[in-house]
Amino acid sequence: RRSFSIRCEAGREGSETLTITKHDHSPFTIHHSRTKQTMPFTYIHRWAMLFASVLSLLVLSGETVFPARMNAEEGQTRRLSQQEANELAVEAYIYFYPLVTMDVTRRQSTNIESGKMLGRGPMNTFTQMRTFPPADFRVGVRPNFDTVYSTGWLDLTAEPMIVSVPDTDGRYYLLPMLDMWTDVFACPGKRTTGTKAGHFAVVPPGWKGSLPNGVERIDAPTAYVWIIGRTQTNGPKDYGAVHKLQDGYKITPLSNWDRQQPPRTVTIDPAVDMKTPPLEQVNGMSAAKYFPYAAELMKANPPHVTDQPIVARMKRLGIEVGKTFNFEHADPIIKRALAAAPATGLKAMKAKSLTLARSIHGWQMNTDTMGVYGTYYLKRAIIAMIGLGATLPEDAFYPMPLVAGQGAADESTARLVAGADGGVAEEAALGDAVPAVVVRRSGMAARRRVGSDHERVIEGAETRTPR
């Protein structure tokens with residue numbers, strides 16, 4: 001902190017003195033004194049002396065002379081109270097939750113050779129699931145059970161990737177593309193691009209270059225992208241036809257376009273936990289690991305443009321876009337707040353999940369703010385926790401029964417209305433303690449899984465959950 005004292009004197013046999021003093025957090029003080037003088041000072045003399053004094057103060061003190069600028073500076077450097085730090089830390093935890101969950105999922109899913117494990121394989125390749133997923137499949141938090149999956153992680157840090165799809169001859173499919181914040185930013189498929197063959201170049205932020213003829217550009221908000229493709233499958237007897245379509249889904253680096261594709265290889269990272277489910281890893285992560293991890297991820301996966309307010313608020317915690325965050329060097333107040341944030345944030349997420357969407361006849365209908373979440377960070381985090389990979393409501397809806405007691409669902413009836421265009425089909429997967437209802441919007445039968453042992457097909461879209 002700085003103090004300034006400036007003294008100006010003038011006169012002949014006498015003198016007139018003007019002293020201006022400024023201390024931080026205090027107003028200016030001005031002291032004027034006069035001794036015997038033979039020539040009276042005019043007002044011009046006095047104003048000139050005052051001007052010279054203030055000008056000197058400006059030079060020495062810089063911006064602190066301006067109250068508005070001074071207040072802005074103090075607002076940035078002022079130490080947070082514990083309560084303020086606690087609130088900001090929980091906001092930051094919830095904001096980062098999808099980003100951290102996505103990256104833990106990505107690292108575990110791609111740290112393996114092709115064909116070694118269901119739903120996993122190297123970056124920049126499609127991993128094909130040839131049958132309906134088993135009931136215990138948890139690469140995605142809640143997969144569906146009546147389309148087959150074609151999933152792939154794109155690494156755009158070096159160059160764009162071209163995603164190719166075959167002509168599906170009218171068969172329903174979709175390839176939702178999620179950025180690392182879990183927003184769906186593109187969704188090629190029957191509803192959007194049709195069922196003819198196509199090529200889509202997914203390019204990283206800020207990329208400039210030309211693309212081959214016939215290739216459509218898609219701008220990705222982040223350097224890593226998750227594609228969770230689904231293809232309509234009319235039961236196990238339909239697998240053969242579906243497998244031919246799956247083989248037509250390709251991911252090609254731009255530099256290899258029109259060239260023979262070499263086999264994908266992967267360098268196994270032994271530091272990656274390949275056994276603990278991603279959700280358990282994230283929920284058990286300490287603040288000392290979580291927040292520095294999130295800060296590093298922001299370097300390649302920048303926040304959305306609409307995130308400026310929370311990005312600005314997180315600066316007060318010392319977390320800034322593009323910069324490494326050192327937890328151990330944080331202010332003690334901030335360290336205490338960040339250390340407590342995971343437990344508080346998870347508690348808030350779990351509490352809100354019960355009232356996350358409107359309830360209709362005992363079913364919670366998540367059809368609003370799904371797939372693209374805007375600044376509804378709490379819902380985005382909750383969906384990452386209970387349904388990572390959720391897509392747009394135009395392509396899917398996710399009804400969940402309201403559960404009472406020890407995991408037993410209340411008996412209720414919900415009419416699930418099919419789309420008028422007969423176009424889309426998607427999933428509604430529920431918790432392990434209750435049945436999972438999968439409803440197509442393509443006029444097909446709805447399927448309900450009861451436990452993990454058996455399933456039965458229910459004609460129409462009206463379902464009743466058993467006790």
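Counting only heavy atoms from C-beta outward, the side chains of V203 and R217 approach each other to under 4.5 Å. A 4.5 Å side-chain heavy-atom check between W226 and M177 finds every atom pair outside the cut-off. Residues L156 and V202 are in side-chain contact: their nearest non-hydrogen atoms beyond the backbone lie under 4.5 Å apart. Looking only at side-chain heavy atoms (C-beta outward), T252 and M161 stay at 4.5 Å or farther from each other. Side-chain atoms of M365 and S359, non-hydrogen and from C-beta on, never get closer than 4.5 Å to each other. Between L388 and T105, some side-chain heavy-atom pair lies under the 4.5 Å cut-off. In this structure, the side chains of M314 and L88 stay at 4.5 Å or more apart for every pair of heavy atoms. Annotation: side chain of I382 is not in contact with side chain of K379 (no heavy-atom distance under 4.5 Å).
Among the candidates T182, N283, L378, I383, the single residue satisfying the side chain to side chain contact (heavy atoms under 4.5 Å, CB included) test with Y97 is N283.
The shortest non-hydrogen separation linking L338 to F327 is CB-CE1, 3.7 Å. Minimum heavy-atom separation, F291 to I319: CD2-CD1, 3.9 Å. Between P302 and T222, the shortest heavy-atom distance links the atoms O-CG2, 4.3 Å. When all heavy atoms of T127 and G119 are compared, the closest pair comes out as CG2-C, 3.6 Å. In this structure, V165 and L175 approach most closely via the heavy-atom pair CG1-CD1, 3.2 Å. The shortest non-hydrogen separation linking S210 to L254 is O-CD2, 4.3 Å.
The CE atom of M129 sits 4.0 Å away from the CG atom of L118 when rounded to the nearest 0.5 Å. We find the CG-CG distance between N256 and N124 to be 10.5 Å, quoted to the nearest 0.5 Å. Taking OG of S81 as the reference point, atom CD1 of I333 lies at 7.5 Å (rounded to 0.5 Å). Note that CD1 of I334 is 14.0 Å distant from NE2 of H329, once rounded to the nearest 0.5 Å. Note: M298 CE to E320 CD = 9.0 Å, rounded to the nearest 0.5 Å. For the atom pair K196 NZ and T168 OG1, the distance stands at 9.0 Å (nearest 0.5 Å).
The 12-atom threshold is exceeded at NZ of K299, counting heavy atoms of other residues, nucleotides or ligands nearer than 6.0 Å.
Between the side chain of N301 and the main chain of L297, a donor-acceptor pair closer than 3.5 Å is present. Remark: side-chain polar atoms of T344 are not paired, donor with acceptor, to backbone N or O of A341 under 3.5 angstrom. No donor-acceptor pair under 3.5 Å is formed between the side chain of S109 and the backbone N or O of R106. Side-chain atoms of D183 never come within 3.5 Å of backbone atoms of F185 as a donor-acceptor pair (strictly under, hydrogens ignored). Between the side chain of T195 and the main chain of D167, no donor-acceptor pair closer than 3.5 Å is present. Q128 places no side-chain N or O within 3.5 Å of a backbone atom of V148 that could act as its donor or acceptor partner. Here the side chain of Q108 pairs no donor or acceptor atom with the backbone of P277 at under 3.5 angstrom. Judged purely by atom type and a 3.5 angstrom limit, S353 uses its side chain to pair as donor or acceptor with the backbone of K350. Within the 3.5 Å criterion, the main-chain N or O of Q281 finds no donor-acceptor partner in the side chain of D273.
Side-chain atoms of Y293 and D103 include a donor-acceptor pair closer than 3.5 Å. Side-chain contact, E296 with T324: a donor N or O sits under 3.5 Å from an acceptor N or O. Side chain to side chain, D307 and Y95 meet the donor-acceptor criterion of an N or O pair below 3.5 Å. At a cut-off of 3.5 Å, with distance as the only test, no side-chain donor of T369 or R380 sits close to an acceptor on the other residue. Inspection of the T147 and Q232 side chains reveals no N or O donor paired with an N or O acceptor under 3.5 Å.
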Practice item. Would you sort out whether M274 and M117 count as a side chain to side chain contact (heavy atoms under 4.5 Å, CB included), showing the intermediate values? Key: CA-CA 11 Å; M274 299 295 290; M117 188 176 293; 5.8 Å; no

**Study point:** side chain to side chain contact (heavy atoms under 4.5 Å, CB included) between D331 and R79, intermediate numbers included
**Key:** CA-CA 9 Å; D331 182 281; R79 196 180 192 199; 3.1 Å; yes

Point to revise | side chain to side chain contact (heavy atoms under 4.5 Å, CB included) assessment of L174 paired with T231 | key: CA-CA 7 Å; L174 74 162; T231 305; over 6 Å; no

Point to revise | Derivation and outcome, side chain to side chain contact (heavy atoms under 4.5 Å, CB included), residues I227 and T151 | key: CA-CA 5 Å; I227 302 176; T151 65; over 6 Å; no

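Salt bridge status for D247 with R130: present, with a side-chain N to carboxylate O gap under 4.0 Å. Contact check on D368 versus R358 returns a salt bridge, with a Lys/Arg side-chain nitrogen under 4.0 Å from an Asp/Glu carboxylate oxygen. Classification of R264 and E113 as a salt-bridged pair fails, no side-chain N sitting under 4.0 Å from a carboxylate O.
The aromatic rings of Y249 and F126 lie tilted to each other, with the angle between the two planes from 30° to 60°. Relative orientation of the F96 and Y290 rings is perpendicular, given thresholds of 30° and 60° on the angle between their planes.
For R230 and Y149, the positive end is not near the middle of the six-membered ring at less than 6.0 Å and at most 45° from its axis.
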